[in-house]
Amino acid sequence: MPIRPENLHRYPRDWPQISARIRFERARGRCECTGHCGLTHPGGRCPAVHEEIHPDTGSMVGLTTAHLNHTPEDVRDENLLAACQLCHLRIDHGHHRVTRSLTLAARAAAAGQLGLLPETALTRTEPPTPPRPTRGRAAAAALHQLPFPDAEQETKHMARISVKIAPLHPDGTECTHAVRPSGKPRDPDAGCTGRRNYAVVCSACGPVGEPHGLRVLAEPEQSKHRDSHKPALTPATR
């Protein structure tokens with residue numbers, strides 16, 4: 001989950017490397033929740049896999065690293081859990097509620113108001129679980145028809161330049177095959193030798209920088225290069 005700016009100083013400098021190790025080396029790209037979030041998962045463990053469709057929410061899974069005791073300074077392996085967005089939000093729900101209550105109480109006290117007490121004695125409550133999406137093309141079509149403001153205009157200008165992360169075979173060619181969370185091919189007969197590196201590729205500039213061993217390490221460079229093209233992606237004003 002995104003780190004709030006006011007909490008950045010609480011994380012160690014090598015947090016990106018620690019998080020990547022938990023998510024991709026220990027968890028092999030799959031959510032490790034076995035009921036920490038309050039849900040009963042089929043087979044005992046959450047089936048959500050990084051960069052695949054979540055079976056409950058229907059959205060793309062972006063694996064995160066959760067602190068079980070909600071303390072960013074505590075990066076012991078036993079306190080860290082690779083979690084999908086749904087499980088992470090449910091794990092942190094009670095903590096966020098208490099934190100919000102304390103913040104509101106502090107603001108009220110600073111304004112001289114009385115009668116607002118922090119909910120420090122709250123029992124843990126869980127947010128409602130979203131319904132399972134309708135399978136098939138109809139659900140995807142309905143999603144793309146949502147009335148987002150100016151979505152068509154924004155998409156038209158963003159389509160000028162695209163910056164993607166391309167998975168690479170050991171020989172440097174781009175991999176478009178289906179692979180397992182470990183990066184090994186699902187179908188060896190398809191001619192895939194597995195994924196070794198991840199390269200940032202711009203439709204305007206070509207390959208950007210050197211390939212990375214993990215996709216998560218290529219994401220900051222992808223964002224940085226995309227930001228460099230923002231003037232070209234912004235509609236001209238008269």
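- Within 6.0 Å of atom CD in Glu78, more than 12 heavy atoms from other residues, nucleotides or ligands are found, so the atom counts as buried in its surroundings.
- Side-chain atoms of Arg30 never come within 3.5 Å of backbone atoms of Ala83 as a donor-acceptor pair (strictly under, hydrogens ignored).
- Side-chain contact between Thr34 and His36 is present, with at least one heavy-atom pair separated by less than 4.5 Å.
- For the pair Thr57/Gln85, no side-chain contact is recorded, criterion being any heavy-atom separation below 4.5 Å from C-beta on.
- If you take CD on Gln222 and OH on Tyr198, they are separated by 13.0 Å, rounding to the nearest 0.5 Å.
- Between Arg21 and Asp77, at least one side-chain N (NZ, or NE/NH1/NH2) sits under 4.0 Å from a carboxylate O, which counts as a salt bridge.
- Look at Glu221 and Arg226 and you find no salt bridge, because none of the NZ, NE, NH1 or NH2 atoms lies under 4.0 Å from a carboxylate O.
- Under 3.5 Å, the side chains of His212 and Asn197 contain no donor-acceptor pair of N or O atoms.
- Salt bridge present: Arg26 and Glu32 bring a charged side-chain N and a carboxylate O closer than 4.0 Å.
- Ring orientation note: the planes of His177 and His169 are tilted relative to one another, at an angle of 30° to 60°.
- Looking only at atom types and distance, the side chain of Ser59 has no donor-acceptor partner in the side chain of His54 under 3.5 Å away.
- To the nearest 0.5 Å, atoms CH2 (Trp15) and CG (Leu80) are separated by 5.0 Å.
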